[in-house]
Structure formats: structure tokens, C-alpha cells
4 protein chains.
Amino acid sequence: MNVQLNTAAEKKQAIYQSTLRLIREFGFHGTPMSQIAQEAGVATGTIYHYFASKEELIVELFRYSKERMLNAIFREDERALSYPRRFMTIWMNLVEHYIQHPEVLSFMEQFFSSPYVKTLYSEECVYFQDEMSNFLKQGVDEGHIKPLDINIISAAFVGTVSATAKRHINGRFTFKEEDLKKMVGIIWDGIKN
Amino acid sequence: MNVQLNTAAEKKQAIYQSTLRLIREFGFHGTPMSQIAQEAGVATGTIYHYFASKEELIVELFRYSKERMLNAIFREDERALSYPRRFMTIWMNLVEHYIQHPEVLSFMEQFFSSPYVKTLYSEECVYFQDEMSNFLKQGVDEGHIKPLDINIISAAFVGTVSATAKRHINGRFTFKEEDLKKMVGIIWDGIKN
Amino acid sequence: MNVQLNTAAEKKQAIYQSTLRLIREFGFHGTPMSQIAQEAGVATGTIYHYFASKEELIVELFRYSKERMLNAIFREDERALSYPRRFMTIWMNLVEHYIQHPEVLSFMEQFFSSPYVKTLYSEECVYFQDEMSNFLKQGVDEGHIKPLDINIISAAFVGTVSATAKRHINGRFTFKEEDLKKMVGIIWDGIKN
Amino acid sequence: MNVQLNTAAEKKQAIYQSTLRLIREFGFHGTPMSQIAQEAGVATGTIYHYFASKEELIVELFRYSKERMLNAIFREDERALSYPRRFMTIWMNLVEHYIQHPEVLSFMEQFFSSPYVKTLYSEECVYFQDEMSNFLKQGVDEGHIKPLDINIISAAFVGTVSATAKRHINGRFTFKEEDLKKMVGIIWDGIKN
DNA sequence: CATGAATGAGGATTCATTCAT
DNA sequence: GATGAATGAATCCTCATTCAT
């Protein structure tokens with residue numbers, strides 16, 4: 001299953017991927033450390049060189065996933081666009097990131113509705129507060145968006161992203177490019193000035 | 001904490017409430033049957049008179065919670081209103097239901113991101129498909145709403161509800177009546193004809 | 001191996017005996033809960049109905065053993081004797097108790113040289129302080145014993161008891177009735193007025 | 001904490017000290033090889049260059065500690081004294097050795113009440129049999145001591161030493177020079193001719 | 001019906017030991 | 001020689017479930 005895993009970073013990667021995949025399929029409770037290890041191609045004890053406990057593994061995996069997500073949505077090429085286009089692009093980037101990595105969405109959702117969240121410092125908890133909030137604030141400040149509280153805009157943004165991605169992933173409805181555009185359109189129309 | 005629980009129905013109720021409360025606090029994994037029993041004021045074995053297994057208890061609890069939710073959002077008094085007002089009322093009813101019963105929202109979220117969902121027949125999974133879909137379809141048919149796919153509208157509706165309620169419950173932002181109205185306003189503006 | 005064990009008290013007894021026997025043979029570390037359970041004729045989990053953890057089992061076992069020991073050495077028939085005879089009788093009772101129950105001596109010794117001791121309240125730690133100290137104090141007060149600090153007398157008493165019993169149990173030397181008498185004689189001669 | 005450790009002998013020393021300290025604090029079971037290594041300032045694997053296994057380390061440490069103890073109690077300056085004075089001096093040397101090196105007493109006690117003892121050849125087990133027995137035998141032969149079996153005298157000697165040192169180390173009673181003298185006095189009075 | 005003691009499989013974690021560098 | 005990452009068997013403990021009372 002695995003080629004040689006040499007560096008520590010590569011091993012952590014393998015453990016993360018294995019955990020993500022299994023948690024999507026069996027849930028937090030349903031995935032024993034032994035299975036994570038096996039799927040990652042390492043011994044059970046090895047995981048404990050990298051993570052002090054299952055809890056730490058999960059919290060670290062959350063940080064890792066959040067980082068990946070931020071890299072996926074805020075990108076070089078998107079900075080050049082006009083605000084409305086950036087808004088739509090970022091929304092779509094996020095949906096697409098989740099659709100391409102369903103195990104990440106599943107993990108995030110489970111994480112947020114689990115008691116593990118409490119172990120994060122409250123600031124971290126607002127998981128992409130910084131970049132996202134700044135981006136939305138900018139929209140308000142520059143007059144692209146109505147003068148609503150950031151939390152309202154943010155909830156609309158995030159809520160529609162995850163509802164859309166989940167529905168797509170479940171197979172309840174296959175969102176095509178144009179459907180996604182319609183979806184962002186709804187919120188954008190609702191918040192634009 | 002416990003008055004005499006006589007009827008079977010009362011006992012089931014007590015078990016449901018206890019489960020809901022504990023799952024919110026400790027998660028599925030963190031709440032043993034013994035604790036559910038204790039908090040409900042019954043013996044462990046008693047739960048097994050009412051539910052064949054922990055899984056069945058959870059799935060039944062889901063059905064029960066869904067029922068309660070539907071009763072909370074579709075109500076006599078709301079039928080008389082104009083479509084736009086009904087739309088807003090229902091959205092607000094749902095948010096308020098979750099805000100008043102945070103353990104229900106927490107349970108639902110955990111349920112949907114857990115492997116238990118798989119045990120539901122797929123139709124059931126679309127948890128308030130019938131009433132909700134019909135209501136939205138009616139909006140499209142009667143020309144109140146743009147001719148979008150029901151899934152798009154539905155995702156927008158549901159996604160914003162849960163993002164809003166979660167943010168309020170976490171304490172990240174306290175949505176006041178007027179904030180909620182602004183929030184529905186955004187979607188309504190986005191989908192209305 | 002076991003007849004029906006009905007009462008809770010009987011089960012605790014069985015667990016205690018099993019633990020005592022195994023700890024003597026394999027040490028604290030060398031005796032897993034599973035083996036204790038097996039030897040006691042119960043399931044592993046059952047032990048946890050009676051004791052919250054291995055540590056608690058061991059601490060309780062210490063209390064139980066101490067109780068048994070006190071009952072063995074302070075007895076009805078000994079109260080009637082003259083002080084010197086009581087002194088000798090009690091010393092001999094204790095040695096004989098340990099010789100007849102080597103697993104108790106072994107357990108006690110291991111317990112006192114383990115970190116478990118720290119979990120006892122310091123008063124308890126002085127394990128037969130009360131009865132024993134009172135008895136020795138009485139000897140001093142009534143002028144049978146030289147006016148030495150109780151701790152000195154007590155150390156002499158206890159130290160010789162355990163050195164004697166251990167040596168007998170190891171098989172390094174078989175103390176006969178008369179040898180034991182000589183042994184107490186040494187201390188008695190050393191402390192008597 | 002660690003200066004350069006160059007010679008093999010110095011490394012062994014460091015390992016012994018580290019083991020002694022940790023075992024006193026956490027017990028045999030509570031001190032992993034990795035911690036011993038860390039505290040000694042070497043790598044885990046390094047210990048295995050010097051000792052084939054944890055068991056061997058412990059047995060060797062016992063031999064080392066016994067050697068140190070013998071050097072501490074039988075000394076040039078004490079040979080010149082009269083028998084009674086030698087007896088008392090040796091007894092006091094031993095108590096003082098333990099009081100100054102509580103980790104050694106703790107280790108010895110744990111060692112003797114553990115299954116490790118079994119791995120020693122039985123003669124060795126009688127840990128200072130030779131020098132000590134000879135010394136006591138001499139006392140009997142020369143008529144300083146009553147004609148008792150060596151085992152009786154020896155048990156009295158050893159038992160009081162360890163009971164005294166333990167009580168002092170625990171802090172239950174602080175034996176001053178004069179208290180120690182009283183203590184040896186008791187045994188000496190009990191066995192002298 | 002209700003009880004809760006008993007069960008034992010299953011899971012997180014530890015740690016002595018090995019071995020490639 | 002020295003290192004310390006990797007191993008995986010072994011241990012403590014939990015908890016869903018059963019069943020005799």
C-alpha cells in the first residue's frame with residue numbers, strides 16, 4: 001500500500017490521510033488507532049511518536065485541514081479580480097475544495113459537532129476568521145456589500161457552502177458549474193449593495 | 001431530578017431527553033448507555049425494553065427530533081400568511097427552534113455527520129423533504145420564487161438556518177430578532193422573483 | 001476453581017485472595033487485572049464494579065490486610081496476660097500471622113516500598129499506629145519499658161518481626177518456637193526496665 | 001544536568017544514578033528505560049550497550065549498590081575498635097548510609113520484595129552474608145555475644161537497621177545521633193553476653 | 001415489567017527492545 | 001560506539017448488552 005516513507009513530514013501526511021479517510025467512513029468512534037496505523041502503513045506505536053494521543057492527532061488534523069482549505073480558496077489568481085468576482089470565486093473554490101475532498105468536509109463537520117472543539121482556543125475555533133472576515137469586511141468597507149454585521153454575511157457564506165457541498169456529496173443533487181453559480185448568485189444578490 | 005415515570009411514553013421521553021443532553025455535552029462516543037439510564041432515572045436494562053440497541057435508540061431519537069422540529073416550524077397560524085411571510089416565518093421558526101433546543105441541533109448535526117445516517121432509508125435521510133420541498137415547490141410554481149431547482153433553494157434555506165443557529169449557540173454572535181430578519185432577507189432577496 | 005460466589009463481600013474476598021497470591025508471585029507489575037480476574041473466577045470487567053482502578057484495588061487490599069493483621073495480633077485471650085507476656089505474645093502473633101500468610105507479608109512490603117503508599121492519607125500510613133502505639137506507650141507509662149521514644153521501640157518491634165518472618169519464609173532459616181522466643185527475648189531484654 | 005560522559009564507567013554510573021533516583025520516585029514499573037536514558041543523558045539504545053535488558057540493569061544495579069553499601073559499613077578505621085564498639089559502629093554506618101542515600105534503601109527494599117530477587121543465585125541473595133555473618137560469628141566465638149544462631153542475630157541487626165532508616169526517611173520520626181545510639185543499644189543489650 | 005450485576009470483546013496507550021544510520 | 005525512530009505485544013479500562021432475580 002505504501003512506498004517508503006522517509007521524512008517525518010511524510011509520515012505525518014500518511015497518518016493524516018489515513019485518519020481522514022477512515023473517519024469519513026466510520027466516524028471518530030469507529031476508527032481505532034490500530035486501523036489508522038495499519039492504513040498509514042506504520043505500527044500503532046509510531047503514531048504516538050508524532051501525536052501524544054488520539055485527541056491530539058484529531059486536533060492537529062483539524063489544523064492541517066484548515067490550512068489546506070485556506071490555501072485552496074485564497075489564491076494568487078483570484079486577487080486580481082473585481083470584488084464581486086472574487087467573492088464568487090472564493091465561494092466556488094471552497095465548495096469545490098470540499099467536493100474534491102469529501103473526507104475533509106466530513107471530518108470538519110464531525111469535528112465541529114464533537115466535544116473536541118472545546119480543546120481549541122476560542123480564537124482558533126472561528127476557523128477562518130482572519131482571512132475570511134477581512135475579506136468580507138473589505139466588501140462592506142468598499143461599499144460592495146450592504147452594511148450588515150460580518151457574522152451575518154459570514155453565516156450566509158459558510159452555511160450555503162456546506163449545505164451545497166454536503167448535498168452534492170451525498171448524491172442528493174449533482175450541482176453543475178451553472179448550479180453553483182446560481183447558488184452564489186442567490187447570496188450575492190442578497191447581500192450586494 | 002426524577003419524578004415517578006409511569007407510562008411507557010413518559011419513560012421514552014425521559015430517555016430521549018437524557019440522551020439529547022448527554023450527547024450534546026459528550027458526543028455519541030462519550031455517552032454510555034449506563035449514563036443515559038442514570039440521568040433518565042431508569043435502570044440500564046430498562047432502556048433495552050424500549051430500544052433494541054444503542055443504534056436503535058439513536059435512530060429513533062432522530063425520528064422523534066425530526067417530528068418535533070416539523071411541528072415547531074409548520075404551524076396552524078402560519079398557513080394563513082402570504083407566501084413571502086410564510087417563507088420568512090418558517091425560516092425563523094426553525095432557527096428559533098434550534099436556538100431554544102440547542103441539544104437538538106447538536107444531535108442532528110452529529111447524527112448527519114455520523115455513520116448512523118446510513119441506517120436510515122435514503123428517503124428518510126432527506127429529513128424534511130416532504131413538507132419542506134412541497135412548500136418551496138409551491139413558491140416556484142406560484143411564481144414567488146425564481147425557477148431554480150428545489151435543491152438549490154433548499155440548500156440555501158437549510159444552510160443558512162444551521163449556520164445562523166450554530167453561531168448564535170456558540171456565543172460567537174448573538175442574533176437579535178432584527179438580525180435574523182436581515183438574514184432571511186438575504187436569501188429571500190436572492191431567490192424571490 | 002471456585003464455588004458459587006454470591007454476595008458482594010464474597011466476591012471482593014475472592015478478588016483479594018487472588019490479588020494477594022499473584023502479587024506475591026509476580027509483583028505488582030507482573031500481575032495484570034485479567035489474571036487477577038481469572039484466578040478469582042470473575043470477568044475482568046467485574047473487578048471494576050468493585051474497584052475503580054487497579055490502584056484502588058491495591059489500596060483497598062492494603063486496608064483489608066491491615067485489618068486482618070490487627071485482628072490476628074490483638075486478641076481476647078492476650079488481654080488477660082501480664083505486660084511482658086502480652087508484649088511477647090503480640091510479637092509472636094505478628095510473626096506467625098506473616099509466616100502463615102506469606103502473601104500478606106510480601107504484599108505489605110511491596111506496598112510500602114511502592115509509590116502507592118503516597119495515596120494513603122499520612123495518618124493511615126502509620127499502619128498500626130493506634131493500637132500498637134497505645135500498647136507500647138502503656139508499657140512505658142506503667143514502667144515495664146524504659147522511657148524511650150515510642151518510635152524507637154516501635155521500629156525495634158516491627159523491624160525484627162519482618163526480618164524474622166522474611167528470613168523464615170525465604171527458607172534461609174527455619175525459626176522454631178524457641179528461636180522466635182529467643183528473638184523477642186532480645187528486644188524485650190533491650191527495652192525492659 | 002549532564003556534563004560530557006566519556007568513559008564507559010562514567011556512563012554506567014550515570015545510568016545507575018538515574019535509575020536509582022527514578023525508581024525511588026516512581027517504582028520499578030513506573031520508570032521506563034527511555035526515562036532512565038533521558039535522565040542519564042544518553043540515548044535509549046545506549047543503555048543496551050551496557051546492559052542486555054532492563055532486568056540485567058536492575059540486577060547489576062543491585063550488585064553495585066550492595067558493593068557501595070559494604071564499603072560504607074566495613075571501614076579501615078572501624079577495625080581497630082573493640083568488638084562492642086565495632087558492632088555499634090557498623091550498625092550506625094549502615095543506618096547512616098541508608099539515610100544519606102534514601103534511593104538506595106528504597107531500591108533495595110523494592111528489589112527484595114520483587115520477583116527480580118529470584119534471578120540472583122541464592123547465595124548472593126543473602127546480600128551481605130559473608131562479611132556480616134563472619135563478623136557476627138566472630139562475636140559469638142569470642143564470647144561477646146550470646147550463643148545464638150547467626151540468623152537470629154542477623155535478623156535483629158538488619159531488621160532494626162531498615163526499620164529505623166525507613167522511619168527516618170519517611171519523616172515519621174527524626175532519629176538523632178543519640179536516638180540511633182539508643183536503638184543499637186537495645187539490640188546490643190539484648191544479644192551481648 | 002424493571003433491575004443492575006456480570007460479561008468480555010475492543011480500544012487507547014505504554015514501553016522494552018531492535019536496528020538502520 | 002551512539003543514536004532514537006520504529007515496532008507491536010501487552011496492559012488497563014470502558015461499555016454495549018445480557019439475564020437471573
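To find a chain, count down the sequence lines: A is the first, B the second, and so on, and within it residues start at 1.
A straight line from CD of C:Glu56 to P of F:dC13 spans 10 Å, rounded to a whole angstrom. Residue C:Gln38 contributes atom CD, which lies 14 Å from atom P of F:dC12 at whole-angstrom precision. Look at OH on A:Tyr116: it is 10 Å from C1' on E:dA12, rounded to the nearest Å. Nucleotide E:dA12 holds its P atom 12 Å from the CG atom of A:Leu22, rounded to whole Å. Atom CD of C:Gln35 and atom P of E:dG8 are 17 Å apart (whole Å). Across the protein-nucleic acid pair, D:Ile36 atom CD1 and E:dT14 atom C1' stand 15 Å apart, rounded to whole Å. Whole-Å rounding puts the A:Phe51 CZ to F:dA5 C1' distance at 15 Å.
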In dot-bracket notation, what is the pairing pattern of DNA chain E, taking Watson-Crick (N1-N3 plus N6-O4 or O6-N4) and G-U wobble (N1-O2 and O6-N3) contacts under 3.5 Å, with [ ] crossing and | for other strands?
.||||||||||||||||||||

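A sub-4.0 Å separation between OP1 or OP2 of E:dA6 and a side-chain N or O of C:Lys11 is present. Residue B:Tyr50 places at least one side-chain N or O under 4.0 Å from the OP1 or OP2 atom of E:dA2.
Atom CD1 in B:Ile47 sits 12.5 Å away from atom CD in B:Glu56 (nearest 0.5 Å).
Taking the ring centroids of A:Phe112 and A:Phe62, they lie under the 6.0 Å cut-off. Between B:Tyr50 and B:Tyr16, the ring center distance fails the sub-6.0 Å criterion.
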Side-chain donor-acceptor distances from residues 22-29 of chain D under 3.5 Å, at least two apart:
unit_1: D:Glu25; atom_1: OE1; unit_2: D:Arg21; atom_2: NH1; d: 3.1
unit_1: D:His29; atom_1: ND1; unit_2: C:His29; atom_2: ND1; d: 3.1

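Looking at B:Val59 and B:Phe51, their side chains never come closer than 4.5 Å, going by heavy atoms from C-beta outward. Between A:Glu39 and A:Thr19 there is no side-chain heavy-atom pair separated by less than 4.5 Å. Side chains of D:Ser106 and C:Ser113 form no contact here, defined as non-hydrogen atoms less than 4.5 Å apart.
Distance alone, capped at 3.5 Å, is enough to place a donor-acceptor pair between the C:Ser114 side chain and the C:Phe111 backbone.
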Using a 4.0 Å heavy-atom cut-off, write out nucleotides 15-21 of chain F from 5' to 3' as B (base contacted by protein), S (sugar-phosphate only) or - (no contact).
SSBB---

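At a cut-off of 3.5 Å, with distance as the only test, no side-chain donor of D:Tyr116 or D:Gln110 sits close to an acceptor on the other residue.
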